[in-house]
There are 2 protein chains.
Amino acid sequence: MATYFLLLGALGLLYCSKLYSSILASVGFSVIGYVVTDFLIPRVSPSFVKIGLFGKDLNKPTQPVIPETIGAVASTVYIFIMMFCIPFIFFKEMVTTVGGGHRDLSQTENVNGGLFLHNKLSEFLSGLLCLETTTLIGIADDLFDLRWRHKFLLPAVAAIPLLVVYYVDFGVTYVLIPKFMRKWLNGKTNIDLGSIYYLYMASMSIFCPNSINILAGVNGLEVGQSIVLGVIALLNDILYLSIGPEVSHEAHRLSIILITPFIGVSLALFKWNRWPARVFVGDTYCYFAGMVFAVVGILGHFSKTMLLLFIPQIVNFIYSCPQLFGLVFCPRHRLPKLNEKDGKLYPSRADLIENPPKKVFVPVLYFLHFCKLIDLEFETKDNKTIIKSCSNMTIINLTLVWLGPMREDKLCNNILAIQFITGLLSVGIRHIIGTILFGTDNLHPITSN
Amino acid sequence: MATYFLLLGALGLLYCSKLYSSILASVGFSVIGYVVTDFLIPRVSPSFVKIGLFGKDLNKPTQPVIPETIGAVASTVYIFIMMFCIPFIFFKEMVTTVGGGHRDLSQTENVNGGLFLHNKLSEFLSGLLCLETTTLIGIADDLFDLRWRHKFLLPAVAAIPLLVVYYVDFGVTYVLIPKFMRKWLNGKTNIDLGSIYYLYMASMSIFCPNSINILAGVNGLEVGQSIVLGVIALLNDILYLSIGPEVSHEAHRLSIILITPFIGVSLALFKWNRWPARVFVGDTYCYFAGMVFAVVGILGHFSKTMLLLFIPQIVNFIYSCPQLFGLVFCPRHRLPKLNEKDGKLYPSRADLIENPPKKVFVPVLYFLHFCKLIDLEFETKDNKTIIKSCSNMTIINLTLVWLGPMREDKLCNNILAIQFITGLLSVGIRHIIGTILFGTDNLHPITSN
């Protein structure tokens, strides 16, 4: 089976190298990435356990010990594959512009061709560099359990090469102003954010890696959500490549080239990490996966569209805030709880009798309960009704509150389905609202997304 | 003290960012690299021991257990520093060519400026990417003890981005033909090696990392030899920048920018690794350090000069061959042996009675002994003289054979001194012989190194 895939990949590659299409090459490498990752995981897992990288799966009756940090295999395979990918991606330009560098500066077309090639090459290299640094940070975190304050800003450092290339290549730091606001701003159509825009991109490189790390704890969820994100981003790219203007093609081609092999290695990891998990992915994969989307969003100049895909993660973060900031008691683990009798997961709960919530927040809890955004348990004591406990505030628990207890794999699939639907909807709405707010819909990659 | 250095570095940085000189910036970052590495090593070492990264120092009477793989700290600090370095290095070009990319393609000067900036940027990024991948390989090796056949070719994969950028930027694959040979080749002055030249560069990226790994085993030697290599390379760069032609300046400026911060982090590591070692550097540092020189040699277009600096490592490898290829028995460890009475190191020996050498090699052993290139011990049995043992064939043991037993730190210093002198000599001879063989001396970076 694996050999069959490998053959298919090799054929795809041969085909693409003939046609000089970088997208076909990335599909070929995606298949190779799947095969290699799938081949390596069972073979290297024992070595991970041997050096102490393992963890207990708390949501199983037997709480088996399984290897941890296996996502590092997927990200390393990705990085090596992308190295091999470089000559294929740039084959066409490398052949048509015979050395854009120190040679042949006389011909202007050649200079432009060389410039184009170098733009693309430095973009690609900076993206890869950023991903590799993120992997290194993730491995350090998995090995040494870095503290939050140490690791929080590190992804932004990893993004420096990306921001420099952005500055050199595009330097576009203005955002469009919605039509209805223009009359108050003397008809200006855009506003230049200057260095704030770079701060925004740096924040994105911090947000994306961490947001995948937060929506976690169910077998297959970290990898699953990354695959869903990848698929939606690909659909958006295909939309642009088929009906978008010529000027946006290059950015979305780069996005496809970066995301397709990512989906390849992720699928192999998902095979081993889905319920019942035989490996854990570790922080390395979460950081790496999040950074893939930050890189694509920044280099492809659709960072704002990319953020829309992260709505479930953003909602999860906002929903978690009352517990994270201590308004409601936050137990150490907020994973759903296994009921060994029926094998189903139930929402885990925070005990609010021993740790009552801040008084100011009690009406909010009642309101959230009324809106079915939380599940409260009451107790009557001395004719007074008090809150006994509430379901923990993660969208994993919320899904269980809404849809009832279910087995771990079904829970994961449901969350992924919700994510897929919201993702598709937000991309759709983004194009419709874009047209209404800005007069024209995007599809001009530099100025308007 | 540390704060003083930090201040100095910060001042240097401010100064250089004012003058737009990338070399001053790299000196500033070198100081910062020293301070940060020196700050981190004692603080993270316990974490390394905790996850099992430690080793015994065999050449001490008490054989203390000390943290291993600490070189990973130095290489990680280097990589992060170089990220921060990017805007400083390219500040001048970034200011003078306002976005060489998608914008302002109309002005030809601007296009050329942008092209220059992009050349430099993609060179720099590919070098950094290569170094980071090498670090990742080194960490994997230190953690999992990779097998030789698995790790041997990996550095060449790490070098792919470098070779692609070389192809795109220069694509120069011909070498000059010495004057006296030209008459036999119809007066041709150079010969094009084509893809063989890329194979040669890939081999260099395999050779350099491994050669530092082989000349190891004495406290401080791995880091010390890397610092010596760095210093000689810097001297060569300064030579070119002061008396070399304009066309070679850019390459040697890049070399200085990459090597100066490397020396900074290495000095801090040396402080902790020199006799008596408080940390071990691990394979990570050896690979990383070797690759720094491979990167500089390839991107700076003086890979052949760079190889000259590796003469001690090359000699060490050739000298080791009889034992590596089984002509003479090779014990598991070939480190010098500590005599606890006088605290000095003595050459370790291979027992040749139980494991006699290949018969064909016996006269060679006698010859080497005659030339003082090996130390043989004889035994007379039944009126027949046979070889009892020989000193192990590494230049570490050879130094002890030549100069007599000595303490570990003195041994390290002697080897480093020999390396420094041969390095300086070979650079000097290279310039003299270059003039004789090729008619003109190098100093034209693309065609004649």
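So you know, we letter chains A, B, ... as the sequences are listed, proteins then strands, and number each from 1. Any value given below was found using the heavy atoms of this structure, including those in side chains, with hydrogens, waters and symmetry copies removed. Since we're looking at a predicted model, the values are computed, not measured.
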Open item on the list: Any non-hydrogen side-chain atom of A:I86 less than 4.5 Å from a side-chain atom of B:P161?
Closed with: yes

Open item on the list: Shorter than 4.5 Å, heavy atoms on both sides: which option in A:D145, A:I51, A:L154, A:V44 has the most such pairs with chain B?
Closed with: A:I51

TODO: Apply side-chain contact (heavy atoms from CB on, under 4.5 Å) to the pair A:I139 and B:L136, showing each step before the final yes or no.
DONE: CA-CA 10 Å; A:I139 290 175; B:L136 214 58; 4.0 Å; yes

Task: B:S126 to A:L125 - nearest heavy-atom pair and separation - done: CB-CD1, 3.8 Å

Task: Segment of B:F48 engaging chain A (4.5 angstrom heavy-atom cut-off) - done: both

TODO: Inspect the surroundings of CG in B:L193 and state if more than 12 heavy atoms from other residues, nucleotides or ligands are less than 6.0 Å away.
DONE: yes

Open item on the list: With a 4.5 Å cut-off on side-chain heavy atoms, are A:V164 and B:M83 touching?
Closed with: no

TODO: Measure the shortest side-chain to side-chain distance between B:L143 and A:L143 over non-hydrogen atoms and say whether it is less than 4.5 angstrom.
DONE: yes

Task: B:L131 portion near chain A, given a 4.5 angstrom heavy-atom threshold - done: neither

Open item on the list: Rounded at 0.5 Å granularity, tell me how far CE in A:M82 sits from CG in B:L129.
Closed with: 11.0 Å

Task: Structural part of A:F124 lying under 4.5 Å from a heavy atom of chain B - done: neither

- [ ] Nearest 0.5 Å please: distance from the CD atom of B:E132 over to the SG atom of A:C130.
- [x] 9.5 Å

Task: Region of B:L163 in contact with chain A, defined by heavy-atom distances below 4.5 Å - done: neither

TODO: Could you have a look at A:T133, A:V165, A:T135 and say which one has the most heavy-atom pairs with chain B under 4.5 angstrom?
DONE: A:T133

Task: Toward chain B, the part of A:I137 with a non-hydrogen atom under 4.5 Å - done: side chain

Task: B:A158 portion near chain A, given a 4.5 angstrom heavy-atom threshold - done: backbone

